[in-house]
Amino acid sequence: MEERFDAIIVGGGLAGLGAAYTLASEGLEVLLLERGDYSGAKNVTGGRIYVNPVRDMYPDLWKKAPFERFIAHEEVTVMAKERSITVRYSGEELKKEPYQSYSILRAKFDRWFAKQAERKGAMIVTKSKVDDLIRENGRIAGVITGGEELKADVVIACDGVLSLTAEKAGLRSPGNPKDYAVGVKEVIELDPAVIEDRFALADGEGAARLFMGEVTKGMFGGGFLYTNKESISLGLVVSIKELMENKQGIEIPVMFEEFKNRPEIAALIKGGQTAEYSAHVIPEGGYKALTRLYGDGILVAGDAAGFAMNIGVTVRGMEYALASGYYAAKAVIKAKEKGDFSAKTLSIYEDMLKSSFVMRDFINFKEAPHVLENPRFFNYYPELVGNIMRDLYAVPAGPKEKLYPTVKRYLGFKQLWAMAGDMRKVMKI
Ligand SMILES: Cc1cc2nc3c(=O)[nH]c(=O)nc-3n(C[C@H](O)[C@H](O)[C@H](O)COP(=O)(O)OP(=O)(O)OC[C@H]3O[C@@H](n4cnc5c(N)ncnc54)[C@H](O)[C@@H]3O)c2cc1C
């Protein structure tokens, strides 16, 4: 008799593992296929996960989760060509348990999460790439991997940003460059005591830093730095559309080297050893670029559906992956109760997402990609603020100009009018 699963999950990142863990916890027969050597082997993230939105979905997970450091200090740096301005935020609330967010290394976390899902009863097969879908009577009925047919009542596509599974099911069309960014990242090993000294961290504390402006040569994107226990995650994210259009022809590895050589960064990573280099695409098109989420016998979750969002002060995707994996599993459980895996029944997945933080966030911030792609945020304002600060702090040989005229020189009617226009757009997010 042919083996048949309740659900087959394609991809063992956070969305896939979240779905597998939830389904197996309810006693369903679930098979997860991951093309990497292990879960976490091929997964790239910047490195900070916000736990609050998904805490109750996985109540047993957090106590022993192999996170790196809890984030107790936030910084945003606006970089102009020759100067930078930093805002540092440390709040007592960030230091109280349960912590809001942690730095994370996916090779460690996903591998551990896969073990937890297996303990619940999920079957996880690594080094298995799903090549195609099986269709029966107009619905998805399983997958083909390495020439072998595997059947299930439902397939959950969790195969990441350029999901071929969702594409083959007709739920996603090949992407438009404006909806994607590319990220590069290095994990740089450093002695924990050095990390704590350099970033002024108490025991277990971590720092998160974001950078914008000259770091991406004025293109939409930014830099990030997260402190881990024994390393630093340093990276750069740039809009693919703007990279393709950039007249300077500058490439991201060059941009990344220049970022690392900035004095603000070089001092932080000095003496460190690069242990890992990775690059990955990120969905950044927001609400308008989400894929269709369900079809007959299939659901789409995580990056595969487009659930990642950059709104300047936060970069989020991991908890959307965990939450959408969870709701996909809950929808499958409901469908199994009804014995019906049609698109109509599986549409409950979208309803669940709509009443959760996931779709509410995407709707609330639906204008963010459009508002933030304004090039003035990445070149004009960093230079403007840099110049104002330079003049405010300057003490010339002769008399010093009064403060108001110093600032006013940069903010004539034309500049203020343009700023008001930008502000009106920012007020949409
Ligand atoms: C540079 C960078 C910085 C980021 N920073 C942050 C951050 O700080 N915080 C945050 O929350 N989010 C961040 N994100 C986004 C976040 O990492 C993603 O949203 C999240 O990892 C998505 O998880 P996922 O499970 O949907 O996809 P993935 O983690 O990409 O998992 C997809 C899995 O599917 C597997 N797979 C693919 N195709 C197949 C196939 N055919 N068969 C079998 N397996 C397959 C892959 O090997 C992979 O394991 C960042 C992303 C990048 C690239």
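Counting starts at 1 for both ligands and their atoms, following the listed order.
Both tests do not hold together for Arg48 against Tyr226: distance to the six-membered ring centre under 6.0 Å, angle to the ring axis within 45°.
Applying the salt bridge (charged side-chain N to carboxylate O under 4.0 Å, His left out) test to residues at least two apart or on different chains, the pairs with a partner in residues 144-159 are Glu2-Lys151, Arg4-Asp153, Glu136-Lys151.
Side-chain contact between Ile85 and Thr77 is absent, with no heavy atoms from C-beta onward closer than 4.5 Å.
Ser39 and Glu34 form no side-chain donor-acceptor contact under 3.5 Å, judged by distance and modelled atom types alone.
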What are the distances between nitrogen or oxygen atoms of ligand 1 and protein nitrogen or oxygen atoms, counting only those under 3.5 Å?
unit_1   : atom_1 : unit_2 : atom_2 : d
ligand 1 : 5 (N)  : Gly46  : N      : 2.8
ligand 1 : 8 (O)  : Gly47  : N      : 3.3
ligand 1 : 8 (O)  : Arg48  : N      : 3.2
ligand 1 : 9 (N)  : Arg48  : O      : 2.8
ligand 1 : 9 (N)  : Val315 : O      : 3.1
ligand 1 : 11 (O) : Gly317 : N      : 2.9
ligand 1 : 11 (O) : Met318 : N      : 2.9
ligand 1 : 12 (N) : Gly317 : N      : 3.2
ligand 1 : 14 (N) : Thr45  : OG1    : 3.4
ligand 1 : 17 (O) : Val44  : O      : 3.3
ligand 1 : 17 (O) : Thr45  : OG1    : 2.8
ligand 1 : 19 (O) : Asp303 : OD1    : 2.6
ligand 1 : 21 (O) : Arg106 : NH1    : 2.7
ligand 1 : 25 (O) : Leu14  : N      : 3.0
ligand 1 : 25 (O) : Ala15  : N      : 3.0
ligand 1 : 26 (O) : Asp303 : N      : 2.8
ligand 1 : 29 (O) : Asn43  : ND2    : 2.9
ligand 1 : 29 (O) : Arg106 : NH2    : 2.9
ligand 1 : 31 (O) : Asn43  : ND2    : 3.2
ligand 1 : 41 (N) : Val130 : O      : 3.1
ligand 1 : 42 (N) : Val130 : N      : 2.9
ligand 1 : 44 (N) : Arg35  : N      : 3.2
ligand 1 : 47 (O) : Glu34  : OE2    : 2.7
ligand 1 : 47 (O) : Arg35  : NE     : 3.0
ligand 1 : 49 (O) : Glu34  : OE1    : 2.6
ligand 1 : 49 (O) : Glu34  : OE2    : 3.2
ligand 1 : 49 (O) : Asn43  : OD1    : 3.4
ligand 1 : 49 (O) : Asn43  : ND2    : 3.0

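For Glu230, the CD atom counts as loosely surrounded, since its 6.0 Å shell holds 12 or fewer non-hydrogen atoms of other residues, nucleotides or ligands. Residue-environment remark: CD (Gln273) stays at or below the threshold of 12 foreign heavy atoms within 6.0 Å.
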